[in-house]
Amino acid sequence: MATLMFSVMVILLLMGFPMMVPLIAGAFIGVIELFGTIDKTEFMIQQMLGGIRPSSLIAVPMFILAADIMTRGQSAGRLIDMVMAFVRHIRGGLAVSTASACALFGAVSGSTQATVVAVGTPLRPRMLKGGYKDSFIMALIVNSSDIAFLIPPSIGMIIYGVVAKASIPELFIAGIGPGLLILLMFSVYSMIYAKINDVPTEPAATWNERARAVKHALWPLGFPVLIIGGIFFGIFSPTEAAAISVAYALVLETFIFRTMKINDLYQIALSTGMVTAVVFILVGAGAAFAWVLSFAQIPQQILGAVGIDQMGQVGVLFTIAIAFFIGCMFVDPIVVILILVPIFAPVVEATGLDPILVGTLIVLQAAIGSATPPFGCDIFTAVAVFKRPYLDVIRGTPPFVAMLLSVSVLLIFFPQIALFLRDIAFNK
């Protein structure tokens, strides 16, 4: 049964069907194999509808809408200008500014692909002019966008929280530590790269210029303050934070910056609707597929063959990290989270692992996979945005992937990287 399901899915993927079609087809075949009749496919439909029913998922379209509004406005540009005013004069400062801008915009949008577009479009030409190699620039932008998947608001965290029934506010706070560690590593590497390649520095900004840049960025900086601060201090839930971020983005870009007209909302809402529809169809199809796997007890067979029952906590974490890293190299991270989280859930519970630590590690692997060849979604976003061949985009990625994987290893051996802020915020 499992062989037939996965064979059909692989064939459909190779034929070029979008991921939702193989998922639904796999679940459909599984139901027929389990019950021997097409009449029982109503169970699959019930599971699909149940997959998109959790109220926490309401936050997803609202964060996507807020990101769409800000990408079309001035928020990204003002954040970039502020960061560059403080670090552009140091060796590798332009690269450090780019990585920092990705982190800041990630804290505003929660989307890796939106970060590639919003930060990469204005900064790539500037870095080329500054003497950086294009392969380094594209790899830096694509991999720095991973920070957006960790620092709240993170769509990946929301999906994991819904599937694993884990606390989304705790997941949001737990992602901050690993995100900042990645930013630090990328910044150090950028400075070393600039020194080795003798990249020239830019003139230092005056304190008046810095003050002006900070003043211009104060409004966009309100996003992470509202979202992270509000959740950290228990003022509102992630769903409420999502609603506030949309309202804030609308007021900011329409009435304060005046970069968007009310008429533009139609196109923005249409774009958000299309993306949300894809995400929710994937969530529903993934829930149905995961139910079929669970009902057929396929996860138990697979994990039993791997021998995960005899592993300790560290072994389980390494197994989870490897499985998600490989899966996300080939398939959309949301789909991998939907399918694999239910498979590993019994093992995580049996070994007494903290689901927040596991979720942070899983979302980190999803972020790495989205920027890793052969099929990382952020790579194809960069190909489209930068209009460069696939091989050019991935040429500079190995050092960044190595750093990201090293953060994964550190997270396994030193879980407080993720849990320290969580424990403070929620009195654990």
Considering non-hydrogen atoms only, spot the tightest contact between [X] and [Y] and give its length.
| X | Y | answer |
| --- | --- | --- |
| A371 | D146 | CB-OD1, 3.6 Å |
| L411 | A418 | CD1-CB, 3.6 Å |
| A366 | F149 | CB-CE2, 3.7 Å |
| A103 | L183 | CB-CD2, 4.1 Å |
| L123 | A101 | CD1-CB, 4.5 Å |
| V162 | P54 | CG1-CG, 3.5 Å |

Student check: side-chain heavy atoms of [X] and [Y] closer than 4.5 Å:
| X | Y | value |
| --- | --- | --- |
| Q416 | D423 | yes |
| K133 | L128 | no |
| S144 | T98 | no |
| L340 | I343 | yes |
| L357 | L419 | yes |
| R78 | L221 | no |
| V407 | M185 | yes |
| I137 | F386 | no |

Does [X] use its side chain to pair, donor to acceptor, with the backbone of [Y] at less than 3.5 Å?
| X | Y | answer |
| --- | --- | --- |
| S370 | A367 | yes |
| S97 | G93 | yes |
| T41 | M44 | no |
| T276 | G273 | no |

| request: Kindly state each residue pair satisfying side chain to side chain donor-acceptor pair (under 3.5 Å) with at least one member in residues 221-231, sequence neighbours excluded. | output: none
| query | How would you list all residue pairs meeting side chain to side chain donor-acceptor pair (under 3.5 Å) that involve residues 337-366, not counting sequence neighbours? | reply | D354-R422, Q365-S408
| query | Distance only, no hydrogens: is a donor on one side chain within 3.5 Å (strictly under) of an acceptor on the other, for T259 and Q74? | reply | no
| field | Intermediate values then yes/no, side-chain contact (heavy atoms from CB on, under 4.5 Å), V87 and S100 | value | CA-CA 10 Å; V87 298; S100 302; 5.7 Å; no
Between [atom1] on residue [X] and [atom2] on residue [Y], distance to nearest 0.5 Å:
| X | Y | atom1 | atom2 | answer |
| --- | --- | --- | --- | --- |
| L79 | M84 | CG | CE | 13.0 Å |
| I356 | Y160 | CD1 | OH | 6.5 Å |
| R388 | I394 | CZ | CD1 | 13.5 Å |
| L94 | K129 | CG | NZ | 11.5 Å |
| L282 | I334 | CG | CD1 | 6.5 Å |
| I182 | C102 | CD1 | SG | 12.0 Å |

| Y189 vs Y193 aromatic rings, parallel, tilted or perpendicular, using cut-offs 30° and 60°? | tilted
| said: Does F35, at its CZ atom, have more than 12 non-hydrogen atoms belonging to other residues, nucleotides or ligands within less than 6.0 Å? | reply: yes
| Do other residues, nucleotides or ligands put more than 12 heavy atoms under 6.0 Å from F420 CZ? | no
| task | For a side chain to side chain contact (heavy atoms under 4.5 Å, CB included) with F324, tell me which candidate from V363, V341, T319 qualifies. | result | V341
| task | Kindly determine whether L49 and I45 satisfy side-chain contact (heavy atoms from CB on, under 4.5 Å), including the steps that lead there. | result | CA-CA 6 Å; L49 293 174; I45 305 300; 4.3 Å; yes
| Chi angles and distances behind the salt bridge (Lys or Arg N to Asp or Glu O under 4.0 Å) call for R395, D392 | CA-CA 5 Å; R395 186 170 289 117; D392 287 356; 2.9 Å; yes
| task | Would you check, one step at a time, whether the test side-chain contact (heavy atoms from CB on, under 4.5 Å) holds for V335 with M20? | result | CA-CA 9 Å; V335 176; M20 64 190 74; over 6 Å; no
| message | Apply side-chain contact (heavy atoms from CB on, under 4.5 Å) to residues T121 and V116 and explain how you reach the verdict. | response | CA-CA 8 Å; T121 302; V116 170; over 6 Å; no
